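Below is one structure; the comments refer to it alone.
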Amino acid sequence: MTFKHNFKKVLSATAFAAALVVAPAANVSAATNDASSTQQSATATSQDQQASQDQAASQSSAANQSSSTSTSSATSTSTVKKTTKKAKKTTKKSKKKAVRKVAKKTTKKKATKKAKKTSKKSTKKTTKAATAAVTASAGQSQATDQQDDAAKKAAEAAAKKAAAKKKAAAKKKAAAKKAAAKKKAAAKKKAAKKSAEKAAKYWIAMRESGGYYTARNGSCYGRYQLLISYLGGDLSKKNQERTADRYVYGRYGSWVNAKRFWLAHNWY
């Protein structure tokens with residue numbers, strides 16, 4: 001509005017100056033009138049110009065507004081497209097992220113499940129191994145106990161056998177000792193008997209002949225005064241001894257018994 005007002009003023013002043021220069025001094029009044037008319041005309045022209053300018057400005061403003069609207073619309077469309085594209089991209093990214101998250105979660109879940117399954121399997125395997133170990137240990141312990149029992153029984157059997165063997169040896173030794181003692185006693189008895197027999201024989205020989213092998217008393221001859229018929233014609237010392245033993249053992253059983261008989265009857 002300020003620009004239009006100033007333009008009007010400039011236009012009026014210019015018209016007025018031109019009128020003053022062209023018109024003569026005498027016609028100042030007419031010039032003044034013409035100037036006034038001119039001014040009015042200029043004012044009208046100025047108003048027309050102003051109207052034209054206002055219309056042009058209005059059209060320019062409308063064009064600018066339309067251009068601005070178009071530009072704004074284009075910008076808005078571009079922005080919308082960009083926003084849509086960005087939104088799509090963001091959505092796609094979000095979807096990918098969500099998919100990754102789900103995949104990660106699923107993988108984690110699978111891993112957890114697998115870990116649980118593995119842990120369960122491992123625990124089951126460990127339990128089974130522990131049970132097997134306990135069973136094996138129990139079996140080994142039982143086997144060890146059985147071995148110990150067997151060893152104990154074997155030791156007891158061996159000890160019993162050794163004791164029995166020792167006892168048998170002691171018994172055998174005792175029996176042998178007893179037998180030896182008996183044998184010794186028998187030998188001693190035999191020796192004593194032999195000695196008694198020898199003494200009794202010698203005693204009878206001394207009573208019958210004084211111990212001479214050539215002594216003779218009627219039909220009796222020799223150391224033991226046997227009948228000559230008993231000697232069978234053999235008067236040797238050896239035959240006399242053998243014949244005397246045969247006679248005494250056959251009739252009395254021993255020289256001791258023969259001595260007892262002699263003592264009772266003064267002959268044998």
Side-chain angles (χ1 to χ4, degrees), residues 129-268:
T131 306
V134 169
T135 306
S137 179
Q140 190 175 0
S141 178
Q142 190 176 0
T144 305
D145 290 341
Q146 287 178 354
Q147 286 178 356
D148 289 342
D149 290 340
K152 194 175 180 181
K153 284 180 180 179
E156 286 176 357
K160 197 173 181 180
K161 192 175 180 180
K165 195 174 180 181
K166 193 175 181 181
K167 192 176 180 180
K171 196 174 180 180
K172 192 175 180 180
K173 192 177 180 181
K177 195 175 180 181
K178 193 176 180 180
K182 196 174 180 179
K183 192 176 180 180
K184 192 177 180 181
K188 193 176 180 180
K189 190 177 180 180
K190 191 177 180 181
K193 188 178 179 181
K194 192 175 181 181
S195 179
E197 286 291 297
K198 191 176 179 181
K201 189 177 181 181
Y202 178 77
W203 186 87
I204 289 174
M206 292 304 290
R207 293 293 181 278
E208 290 293 326
S209 63
Y212 293 102
Y213 288 98
T214 57
R216 187 168 183 164
N217 185 14
S219 59
C220 294
Y221 182 82
R223 183 178 173 91
Y224 302 100
Q225 290 298 296
L226 296 172
L227 293 172
I228 295 174
S229 60
Y230 287 172
L231 296 172
D234 186 4
L235 303 177
S236 64
K237 292 180 180 180
K238 193 175 182 180
N239 188 46
Q240 285 184 41
E241 290 291 334
R242 185 168 55 245
T243 303
D245 286 337
R246 186 168 59 247
Y247 168 75
V248 167
Y249 285 113
R251 183 166 179 158
Y252 302 105
S254 66
W255 283 99
V256 173
N257 291 335
K259 182 183 176 181
R260 287 197 192 99
F261 187 85
W262 199 98
L263 288 169
H265 302 90
N266 205 25
W267 61 277
Y268 75 103

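Only a predicted model underlies this, so the values are computations on that prediction, with no experimental measurement involved.
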_Run the side chain to side chain contact (heavy atoms under 4.5 Å, CB included) test on Asp245 and Lys201 for me, step by step, so that the C-alpha distance in whole Å, both residues' side-chain angles and the decisive distance to 0.1 Å come before the verdict._
CA-CA 9 Å; Asp245 286 337; Lys201 189 177 181 181; 2.9 Å; yes
*asked:* Lys198 vs Lys194, test: side chain to side chain contact (heavy atoms under 4.5 Å, CB included). Steps then yes/no.
replied: CA-CA 6 Å; Lys198 191 176 179 181; Lys194 192 175 181 181; 5.6 Å; no
*Walk me through it: do Phe261 and Ile204 pass the test side chain to side chain contact (heavy atoms under 4.5 Å, CB included)?*
CA-CA 11 Å; Phe261 187 85; Ile204 289 174; over 6 Å; no
*Determine, step by step, whether Leu227 and Tyr221 satisfy the side chain to side chain contact (heavy atoms under 4.5 Å, CB included) criterion, reporting the C-alpha distance in whole Å, the side-chain angles of both residues, the deciding distance to 0.1 Å, and the verdict.*
CA-CA 6 Å; Leu227 293 172; Tyr221 182 82; over 6 Å; no
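Taking OH from Tyr252 and CZ from Arg260, the interatomic distance works out to 13.0 Å, rounded to the nearest 0.5 Å. Separating the NZ atom in Lys189 from the NZ atom in Lys182 is a distance of 10.5 Å, to the nearest 0.5 Å. To the nearest 0.5 Å, atom OH of residue Tyr202 and atom OG of residue Ser195 are 13.0 Å apart. Taken from NZ in Lys160 to NZ in Lys167, the straight-line distance is 11.0 Å, to the nearest 0.5 Å.
Using bins of under 30°, 30° to 60° and over 60° for the plane-to-plane angle, the ring pair Tyr247/Tyr268 lands in the perpendicular bin.
Looking at Arg223, its side chain does come within 3.5 Å of a backbone N or O of Gly211 through a donor-acceptor pair. Judged by distance alone, with hydrogens and angles left aside, the side-chain atoms of Asn239 form a donor-acceptor pair with the main-chain N or O of Asp234 at under 3.5 Å.
Counting only heavy atoms from C-beta outward, the side chains of Ile228 and Arg216 approach each other to under 4.5 Å.
Within a 6.0 Å radius of OH in Tyr249, more than 12 heavy atoms belonging to other residues, nucleotides or ligands are found.
Closest heavy-atom contact between Ser209 and Gln225: CB-NE2, 4.0 Å. Residues Val248 and Ala258 come closest through the heavy atom pair CG1-CB, 3.8 Å.
Partner of Tyr224 under the side chain to side chain donor-acceptor pair (under 3.5 Å) criterion, out of Gln240, Glu208, Glu241: Glu241 alone.
A donor-acceptor pair shorter than 3.5 Å can be found between the side chains of Ser254 and Asn257.
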